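Written out below as structure tokens is the structure these notes cover.
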Amino acid sequence: MDGLTSTVRSALVFLLVNVFVVRCDITDGNAEHLKREHSLIKPYQGVGSSPSSQWDFSGSTLVTSSYVRLTPDERSKQGSIWNTVPCHLKDWEMHVQFKVHGSGKKNLHGDGIAIWYTKDRLHPGPVFSNNAHFHGLAVFIDTYSNDDAADRSFPYISAMVNNGTVTYDHGKDGRSSELGGCSAEIRNRDHDTYLAIRYSKGRLTIMVDVDDKNEWKECIDIGGVRLPTGYFFGASAATGDLSDNHDIISMKLYQLMVEHTAEEESLDWTKIEPSVSLLKSPKDNIDDPTGNFRGTPLTGWKIFLLLLCALLGIVVCAVVGAVVFQKRQERNKRFY
Ligand SMILES: [Ca+2]
């Protein structure tokens with residue numbers, strides 16, 4: 001019995017180690033790969049004020065030593081902050097720590113934050129205070145449901161890739177152009193809230209960490225996304241009739257160490273046109289209440305994780321069974 005228990009125990013340890021290794025792979029938070037020139041970190045020294053500054057801002061944005069407030073909790077404010085250094089990394093992961101808070105009651109607050117990776121910077125417009133016909137990637141943290149008929153819960157996080165030809169439909173919360181999304185309770189939380197955007201080998205993955213559990217939860221994961229190098233990272237926010245404080249605490253960009261083929265390396269990545277080779281038209285998302293792309297094939301690590309979970313389940317059952325069996329044996333001994 002003891003032999004069996006120790007075997008089960010070592011199997012469990014082995015599996016847990018594997019889970020840990022897989023998790024490390026999902027969230028690359030390796031400080032060595034942090035790119036300072038694309039990161040916005042407390043206390044934001046020199047932001048906006050010096051010619052050598054790597055970030056500048058416009059509109060209602062207020063930079064303090066502990067947060068960057070894109071808008072205060074007041075009506076009709078628009079603010080943004082932009083990296084001045086174009087990003088030439090092919091594979092990257094951006095971690096955004098943010099805080100949305102205000103005095104408005106449920107559903108009486110707005111509009112949210114957008115995180116950008118775009119060709120143009122500081123280009124004001126109607127989409128969370130930025131240009132509607134942008135080139136590149138936008139991730140929206142939309143706190144107000146403009147569409148009365150929406151069958152989803154807000155705040156809602158969604159992503160959009162644009163080559164300048166598509167207009168974000170504010171009245172429909174960008175539903176017709178979104179690539180996927182998820183609901184996330186991010187407002188007026190007592191703890192820190194995070195969003196991660198990973199772009200690697202044509203795969204866009206968006207994860208959230210908003211429940212104070214220090215773990216990423218997948219929000220969007222799609223392949224076939226093409227984004228060039230040489231674009232700019234930024235963040236913007238807007239308030240309308242309803243408002244909130246929209247604060248960015250940090251934006252940390254990590255380089256992902258990924259190998260590319262010689263053919264890929266020889267391309268001029270700055271010439272890539274932003275696009276998504278969709279399995280279905282984004283307009284079909286209207287029929288999909290979750291806004292997720294079903295039908296994307298399971299990738300290697302997903303299958304591995306699923307198998308691992310199944311294995312873990314079996315092992316846990318075996319351990320519990322063994323313990324119950326042992327307890328019963330002991331009780332039986334006491335009786336006789
Ligand atoms: Ca909205």
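In listed order, ligands and their atoms are each counted from 1. No experiment lies behind these values; they were computed from the predicted model shown. Along the sequence shown, residues are numbered consecutively beginning with 1.
At least one donor-acceptor pair under 3.5 Å links the side chain of Ser183 to the backbone N or O of Ser153.
At least one N, O or S atom of Asp142 sits under 3.0 Å from the Ca ion (ligand 1). Contact annotation: Asn146 places an N, O or S atom under 3.0 Å from the Ca ion (ligand 1). The Ca ion (ligand 1) does not have Asp147 among its coordinating residues (no N/O/S atom, backbone or side chain, under 3.0 Å). Among the backbone and side-chain atoms of Ser145, no N/O/S atom is found under 3.0 Å from the Ca ion (ligand 1).
The closest approach of Asp173 to the Ca ion (ligand 1), by N/O/S atoms, is made by OD1.
Taking the centre of each ring, Phe134 and His123 stay at or above the 6.0 Å mark.
Between Arg203 and Asp221 there is a salt bridge, since a side-chain N of the basic residue sits under 4.0 Å from a carboxylate O of the acidic one.
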Candidate pair Asp120 and Thr118, rule side chain to side chain donor-acceptor pair (under 3.5 Å), full reasoning: CA-CA 6 Å; Asp120 300 310; Thr118 52; over 6 Å; no
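Tested against Arg187 for a salt bridge (charged side-chain N to carboxylate O under 4.0 Å, His left out), the candidates Asp111, Asp73, Asp142, Asp244 yield a single pass: Asp244.
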